[in-house]
Structure formats: C-alpha cells, structure tokens
Number of protein chains: 2
Amino acid sequence: MRVLVVEDDARIASDLKAALESAGFRVESCGDGENAWFLGDTEEYDLVVLDLGLPRLDGLTVLKRWRGNGREMPVLVLTARGAWAERVEGIDAGADDYLPKPFRMEELVARARALVRRSAGRGSALQEAGELAIDTNRMFVSLRGVPLSVTALEYRLLSYLMLHKDRIIPPVELLEHLYGDEDAREANALEAVVARLRRKLGPNVLGTRRGFGYFLEPLGPGR
Amino acid sequence: MRVLVVEDDARIASDLKAALESAGFRVESCGDGENAWFLGDTEEYDLVVLDLGLPRLDGLTVLKRWRGNGREMPVLVLTARGAWAERVEGIDAGADDYLPKPFRMEELVARARALVRRSAGRGSALQEAGELAIDTNRMFVSLRGVPLSVTALEYRLLSYLMLHKDRIIPPVELLEHLYGDEDAREANALEAVVARLRRKLGPNVLGTRRGFGYFLEPLGPGR
DNA sequence: TTCGACCTGACAGCGGCCTGACAGCCGCCG
DNA sequence: CGGCGGCTGTCAGGCCGCTGTCAGGTCGAA
C-alpha cells in the first residue's frame, strides 16, 4: 500500500510517517500544495493524507483539482479542531474522510486502513474467452473490443457458457439453466437462440461438438 | 437513495429523518438493535446511520454481524463525545465513518452524501453523464447547461442512475431504492416516472435495454 | 446411403415497455 | 374551510422486439 502524506509541519509529518509505516504502509511525504498536486495527479496512491493549511497552494484547491481530473483515490483530510464549516467544505470537495487535529495516531491508522479496505475490490468483473469478452457488471458483451447488442436470453446463454468455458455443455444442461424444469422448452428453442447468436458473433466463436454440446472457442488444448 | 436510521431517541430519530429526507434520501427508521440487524441483513440500503447505544442489541454487535454476513453498505456511526476507544472499535468493526454527538445536521447530511458517493467509487459531488449533470449537494439538475426542474421522485431516480452510471439498472433494483419494501409499487409506477422524465429530458438521455433495465447515455464505449 | 443431430429462415404470439388519461393525495393560499 | 394546482400511482390500450415453433435443409457418422 502506497500512501502520500501532504503536511507542512515537519514534526507532524514525521510522526505520521512513522505511524503509517509501522502499520505496513509505504509512505511518501510532501510539504507544499504545488508538489502535492503534481504527485497526486501523476502517481498512483492507495491513499492520500492531506492537511488543508499548505504553502503555495491550498489543500482544498489541490483536492478539487484532483477530483476534477478524475483522480479517485481515497483522501483523508486533516482539519483544525472545531472548524465544522471547513469539514463540510472538504467533504463536498471530494474528501473521503477527515480527522480533526489534534488526533491520536491509533485512530488515524484505523481510519486509513478502513479507507483502503473500502476502496479496494471495485472495478468491473470482465471475463474473456478468445475474442469474446463479457462484463458482468454492466451486462455488456463485446467482440474484438467492439460492443455487441445481445438480448436477455442470449446474454444468459453466453454468461453460462463463459462460466464453464473449460468444458462442453450438453444441450440438456443449457435448457435446464435457461428455462426452468417446469416450463421445459423443446431442444429446437435452444438451437434457434444459438443460430441467432451466431449471426451476431460470426464464425469460430460459439462452437458445436456434435453429440456433446456447445462451447466457446478456444476450448483449451485438445479439440 | 435508501437510508436506514437506527436511533432509539425518538426526537433525534425524527430530526435525522427530516434532514435526510429534505436532502433527497428515502428514510426508514428503526429503534432497537434486533430489528436493525434484521433489516440491515435483509434489505438493500445505500447507507445506514447507526447509533451505538441501543436497546436489545448493542450497535457494535449489530454492525459486526452485518459485516460477518458480508453486508457491505456504508455505515455512519454516531458516538458519544470523546469516546476514543469506542470510535476505534467502531471503525475496526467495519464502520465507514463516525460522527461524535452532538453534531450539526448539515454536517451529517454532507457526510451521508459523501459516503454514498464514495461507496460507488465517485469522488465528486458534481456528476455528469453525456449532456446531463447533477449536483448532489444542491439537488440541482441541468441539461446541456440549462437548469432543469425535476420533482423529488424524479430526482431520486436520476441520482441513483447517476451514481451507477457505469452499468444498467434492473427495474427491481430501482423500485427497491426509490420506494421501500414495505410500500412496494408495481412496475408500472416506475415506467410512468421514466416516461414523465423523458418528456423533460428529450431523447437519448435516459435509455432502456429491453430485458435488462435503465441507464444514462452514454453508457461505456458505444451503443 | 441412411439416419439422426443440428442449422436456418419464416412466422406468429406473447409480453416487456410506452403513453395518455384519470383520480387520489397533499400542501398552499385565499 | 374550501378550492386549486402539482405530484404520483393506477389503468387501459397499443406498439414492437423477443422468442418458441414449424418446416424444411445440411452435415457427419456408421
């Protein structure tokens, strides 16, 4: 975990650094707003600890510029005690959390960990097979990077095949999964869906193994 | 946005409810730990405001059980003034933020908005999607730079779509977040809102993917 | 060659979705 | 207190895209 500490008071800065490092973070420091802005804009941090009173460029301005540029890393703001207007302002500017000064180091570390924990584990779940990719978050399918419009049923079929892309899926299994057992469709319904999908996908994407079932190309070694 | 307020003091609870509702949230309240645990475990909330001193089941225990069950919604904890240990404990139990009592309602609302944004990976309060922009601080919507007057319900719909503008939102999810589970509306209510909104927004802003749900244009690359 | 598994285009029914009209509710104001 | 207007859920009607079915055609295995 990489952390940027922006703090002009050298003593506080070194205390912060010590505490965070002993908690397992890799810490980089910076004492003025200009440099902070540059670093936060160009480097990748898992967390920024930002003091608002800075020389050369105000902390709030720095934060707003980062957010304006689409930088989304979690930012923990240090504010003066009792300045609640400043806190609201900071939060509205895009801060993820703030800590009033003075504070205990244990608390800062606890909140730093919480922020990092929360920001982790986002991002879209993208699954691929050959030239085909499917984003289960956005429910999007793309072929060679080009978005492809599929119907709900086609999507369900593709996502099931994608989930089991290491084997061949028998038609019965697909029928069972696409429709329930109750409202069973006859096998031809599935064939129709496959045909319509292939028209969109082109050749060599959705394969058939006669007598066994359907699969996504490429199917492992062998075949 | 759907919020659960867990607070045993009826006066504070109603103040919280009023403040959050005037900020565009849909608020549900609950006065004891047992019910809170059940609700948080079974319903989908965009935020929980949790008081620690609760009858029947302690707030910290409730929070830990939620987290233990994999519930990941952002939780804002209300603590007594100066209770350091309690705060650290709360954060380690999985709280995303805390607010010491007494607090200003403005600050609570600001932090609530910030938490909701952050939980969706959004830093800024000003969100845009194509020609549409919405400022969640001022509850202000504009289209192509021109201010747009929307009703409370329309605003809630738009802000939820904006918060999740990188994916398609199924109608069930929208119904759940616009209304609660207790007063469930039928799907057509949602369709009516969408239709009225589209009359204001014009074409190519609020899109539909048949069989999937609604989304804001433009969604991702293409389509 | 024969048989059955699989493919394909055409077509019709269904159902998801849209829309306009209407009525109940509520806050506002005279 | 009563009327008024905005907001919103419900209803009925209609459109159109999705999807199952059918009737052939094709292909591979024995």
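Note that these values count all heavy atoms, side chains included, but never hydrogens, waters or copies made by symmetry. We name chains A, B, ... by the order of the sequence lines, and we start the count at 1 in each one.
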Colleague: Establish whether the base of D:dC18 is bridged to the side chain of A:R196 by a donor-acceptor pair shorter than 3.5 Å.
Modeller: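 No, no donor-acceptor pair under 3.5 Å.
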Colleague: Going by an N to O cut-off under 4.0 Å, is there a salt bridge joining B:R113 and B:D46?
Modeller: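 Judged by the 4.0 Å cut-off on N to carboxylate O distance, B:R113 and B:D46 do not form a salt bridge.
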Colleague: Rounded to whole Å, how long is the line connecting atom CG of A:L175 with atom P of D:dT19?
Modeller: 15 Å
Colleague: Using a 6.0 Å cut-off, check whether atom CZ of B:F38 has over 12 heavy atoms from anything other than its own residue.
Modeller: no
Colleague: Which nucleotide wins on minimum distance to the side chain of B:A152, given the candidates D:dC16, D:dT8, D:dG20?
Modeller: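 Per side-chain heavy atoms of B:A152, the pick is D:dT8.
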Colleague: Mind checking the SG-CG spacing from B:C30 to B:D51? Nearest 0.5 Å is all I need.
Modeller: 11.5 Å
Colleague: In whole angstrom, what separates A:L178's CG from D:dG20's P?
Modeller: 9 Å
Colleague: Send over the distance from B:K200 NZ to D:dG6 P, rounded to a whole Å.
Modeller: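 It is 11 Å, rounded to the nearest whole Å.
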Colleague: Just compare D:dT10, D:dG28, D:dC22 and give me whichever is closest to any side-chain atom of A:R210.
Modeller: D:dG28
Colleague: Under 4.0 Å from a heavy atom of chain A: give me the 5'-most and 3'-most nucleotides of DNA chain C that qualify.
Modeller: C:dG4 to C:dG9
Colleague: For B:D32, what residues pass the salt bridge (charged side-chain N to carboxylate O under 4.0 Å, His left out) criterion, not counting sequence neighbours?
Modeller: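 In terms of salt bridge (charged side-chain N to carboxylate O under 4.0 Å, His left out), with neighbours along the sequence ignored, B:D32 is linked to B:R56.
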Colleague: Would you kindly compare A:Y214 and B:V194 by the position of their nearest DNA chain C nucleotide and give the one closer to the 5′ end?
Modeller: A:Y214
Colleague: Would you indicate, yes or no, if D:dT8 has its OP1 or OP2 atom less than 4.0 angstrom from a side-chain nitrogen or oxygen of B:T151?
Modeller: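 Affirmative; the distance criterion is met.
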